[in-house]
Amino acid sequence: MIDFNREFLMTIDGEAVDSPSKLDAYNPATKSVIARVPDATQEQLNKAVDAAVRAFESWRGTSQSTRASALNSIADALEKNADAFMALLTKEQGKPRPGAEWEILGSVYWLREIAKQSLPDEIVEDSGDRRVITRFSPLGAVGGIVPWNFPVLLAVWKIAPALMAGNTIVIKPSPYTPLCTLKLGELCRSFLPRGVFSVVSGGDDLGKWMTAHPKLAKIAFTGHTETGKNVMRSAAGTLKRLTLELGGNDPAIVLPDVDPKKIAPQLFWAAFQNNAQFCNSTKRLYVHEKVYDEVLRELVDFAKTQKVGDGAAADTALGPIQNLPQYEKVGEYFDDCRTHGYRFAVGGEIDKSAPGWFVPVTLVDNPPENSRIVREEPFGPILPVLKWSDEADVIRRANDTEYGLGASVWGADQEAVQRIGAQLEAGTVWLNEIHQYSPHQAFGGHKQSGIGCENSLHGLMEYTNWHTITLNKKVGFGRGAVGRAA
Ligand code: NAD
């Protein structure tokens with residue numbers, strides 16, 4: 001029986017492992033230390049990687065059904081302990097119960113769906129003379145590096161395809177949210193072969209050691225764009241495969257024919273889901289000038305009905321900011337708006353004496369397009385609402401960013417919604433909906449929001465090498481095409 005309140009240990013080579021030094025894990029709603037977790041040494045990482053390399057030798061040869069049943073076992077274990085995981089997730093991440101439920105049950109669903117995916121051999125040619133097959137072979141031992149906003153789901157987005165494609169994996173959770181991931185590792189010890197899935201906890205240095213590690217074949221990374229660039233630099237030394245899921249500054253465009261009252265709750269949650277600590281939050285809300293005042297007023301009214309507080313309380317809609325550095329960073333955007341005299345339509349004042357890292361939901365009324373709050377990713381509950389009047393101009397403004405993760409368009413005129421959506425430069429464009437994801441839907445960023453994708457067969461393929469095998473069926477040796485031509 002797993003105790004979700006204590007004994008947070010790493011899983012290395014199927015064993016529980018502690019480390020000489022520890023990191024504190026906090027509850028962001030109370031700013032109190034709730035657990036101490038191992039801060040892995042480089043030697044411990046090496047042991048995890050060596051175990052993953054050893055385990056790969058047999059895991060690579062397992063059948064699809066063996067791998068699928070491993071993923072289903074992880075899903076079953078997670079589901080059986082779902083309540084405990086949700087409570088722990090709320091405690092360490094801050095998200096209220098509905099968000100915790102979405103993440104844990106979503107992880108269960110993802111594991112079961114990815115377990116159904118496979119990459120059959122491609123028969124390129126099968127003639128009397130030759131047979132040419134492209135096979136999708138696993139890469140080896142891979143590393144997964146995860147952020148603190150969706151610690152379990154984003155780990156599962158890496159673990160599931162890695163194992164399903166025949167790789168073994170070492171996962172590193174964020175130093176701010178290690179608890180659920182350490183427990184997930186502990187759960188899997190009893191049924192996964194040693195070394196197939198390890199969890200190491202530690203600080204940013206541990207991430208750096210992973211990205212430079214000569215025996216890891218790939219890094220699947222989710223985090224800031226700047227960190228992603230460091231990952232790429234470091235991985236260059238060994239030419240590792242990379243999937244980079246990075247930051248975003250997602251625009252939402254609202255057309256003049258919306259019903260302001262009806263759409264306000266949807267737009268609110270588009271921006272403030274997970275307390276806006278969400279790569280795909282709407283981070284710039286462009287509202288047509290004809291409905292701007294009404295939409296803003298409805299958003300303000302709706303915001304006032306949503307309680308910010310401890311995620312463990314039943315009536316909390318929005319939790320705290322997950323960690324102190326992020327709380328301070330979000331505070332800088334408030335200061336910047338105040339310094340420049342931008343108007344807060346609601347919110348704007350952070351109560352520094354609050355028991356947790358709480359920030360009020362804040363709407364900034366039509367700040368300039370070149371302001372920091374419009375250009376950058378605050379990753380907290382402060383949203384610029386911007387006016388537009390010309391369609392081509394708002395498309396240009398929406399695309400005028402180094403990011404390209406997500407975007408959305410909202411309006412009754414389906415034709416206009418689709419016309420505008422088709423011109424937005426983003427990995428996912430939602431039309432009259434938002435934040436719909438699927439294990440079978442490719443998810444990734446354009447521009448500096450990332451490289452590669454997660455989910456779908458495209459995401460699965462990123463855990464493989466193309467392995468083309470050609471067979472000459474004739475007696476004797478074939479000559480190459482070049483030879484034939486000559
Ligand atoms: P972060 O980049 O600070 O950290 C992410 C992970 O990288 C952590 O585990 C951290 O310890 C590790 N790390 C830090 N420095 C490293 C280095 N030099 N080498 C290797 N690993 C290193 O990001 P965060 O603050 O945890 O997460 C927020 C960011 O993540 C936001 O920008 C958000 O948009 C982005 N994000 C993107 C997606 C997506 O799918 N595109 C999803 C969620 C979050």
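We count ligands from 1, going down the list as the structure has it; atoms in each ligand are counted the same way.
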Lys229 atom NZ, neighbour heavy-atom count above 12 within 6.0 Å: yes
Contact check: Val146 vs ligand 1, nitrogen or oxygen atoms, below 3.5 angstrom: yes
Under 4.0 Å to a heavy atom of Leu405 - the qualifying atoms of ligand 1, by number: 41 (N)
Mode of Glu226 contact toward ligand 1 - side chain, backbone, both, neither (heavy atoms, under 4.0 Å): neither
Short N-O contact, Arg372 and Glu332, less than 4.0 angstrom: yes
Ligand 1 contacted by Phe150 (non-hydrogen, < 4.0 Å): no
Name of the residue among Tyr333, Trp148, Tyr327, Phe278 meeting ring pair (Phe, Tyr, Trp, His ring centres under 6.0 Å) with Phe379: Trp148
Nearest-contact summary for atom 35 (C) of ligand 1 - protein heavy atom, Å: Gly223 O, 3.3 Å
N/O separation below 3.5 Å, Leu246 to ligand 1: yes
Atom 36 (N) of ligand 1: the protein heavy-atom neighbour that sits closest, reported with distance to 0.1 Å: Cys279 CB, 3.6 Å
Heavy-atom gap Gly450 to ligand 1 smaller than 4.0 Å: no
Nearest-neighbour protein heavy atom for atom 1 (P) of ligand 1, which is reported as residue plus atom name and distance: His224 CD2, 3.6 Å
Residue portion contacting ligand 1 (non-hydrogen atoms closer than 4.0 Å) for Phe443: side chain
Proximal ligand 1 atoms for Asn149, defined as those under 4.0 Å from one of its heavy atoms: 43 (C), 44 (C)
Residue-ligand contact Phe278/ligand 1, heavy atom below 4.0 Å: no
Heavy atoms from other residues, nucleotides or ligands near NE2 of His440 exceed 12 (cutoff 6.0 Å): yes
Aromatic plane relationship, His340 with Tyr342 - under 30° parallel, 30 to 60° tilted, over 60° perpendicular: parallel
Aromatic contact, Tyr403 with His446 (centres under 6.0 Å): no
Short N or O distance, Ser449 and ligand 1, threshold 3.5 Å exclusive: no
Pair Trp157 and Phe150, ring centroids less than 6.0 Å apart: no
Donor-acceptor contact below 3.5 Å, side chain Thr11 vs main chain Val199: no
Ring-face cation contact, Phe8 with Lys183, 6.0 Å cut, 45° max: yes
Point-to-point distance, once rounded to the nearest 0.5 Å, from CG of Leu9 to CZ of Arg189: 6.5 Å
Lys208: numbered ligand 1 atoms lying under 4.0 Å from its heavy atoms: 17 (C), 18 (N), 19 (N), 20 (C)
Rounded distance (nearest 0.5 Å) linking atom OG1 of Thr243 with atom CD1 of Ile451: 9.5 Å
Atom 21 (N) of ligand 1 - nearest protein heavy atom and its distance: Gly207 CA, 3.5 Å
For atom 7 (O) of ligand 1, the protein heavy atom that lies nearest, with its residue and separation: Phe221 CE1, 3.2 Å
Distance filter under 4.0 Å to Ser174 heavy atoms, resulting ligand 1 atoms: 9 (O)
Short side-chain donor-acceptor distance under 3.5 Å, Trp110 and Asn455: yes
N-O pairing of Lys208 and Asp205 below 4.0 Å: yes
Contacting atoms of ligand 1, where contact means under 4.0 angstrom from a heavy atom of Glu377: 31 (C), 32 (O), 33 (C), 34 (O)
Protein contact for atom 19 (N) of ligand 1 (heavy atom, distance under 4.0 Å): yes
For atom 25 (O) of ligand 1, closest protein heavy-atom neighbour: Trp148 NE1, 2.9 Å
Between OG1 on residue Thr90 and CD on residue Glu101, distance to nearest 0.5 Å: 9.5 Å
Asn280 heavy atom under 4.0 Å from ligand 1: no
Closest to atom 5 (C) of ligand 1 (judged by heavy-atom distance), picking from Thr243, Thr222, Thr177: Thr222
Residue and atom name of the nearest protein heavy atom (relative to atom 33 (C) of ligand 1), distance in Å to one decimal: Phe379 CE1, 3.3 Å
Nearest-neighbour protein heavy atom for atom 2 (O) of ligand 1, which is reported as residue plus atom name and distance: Thr227 OG1, 2.6 Å
Polar side chain donor-acceptor pair, Thr181 to Lys172, under 3.5 angstrom: no
Per atom 14 (C) of ligand 1, closest listed option by heavy atom (Leu206, Leu154, Asp204): Asp204
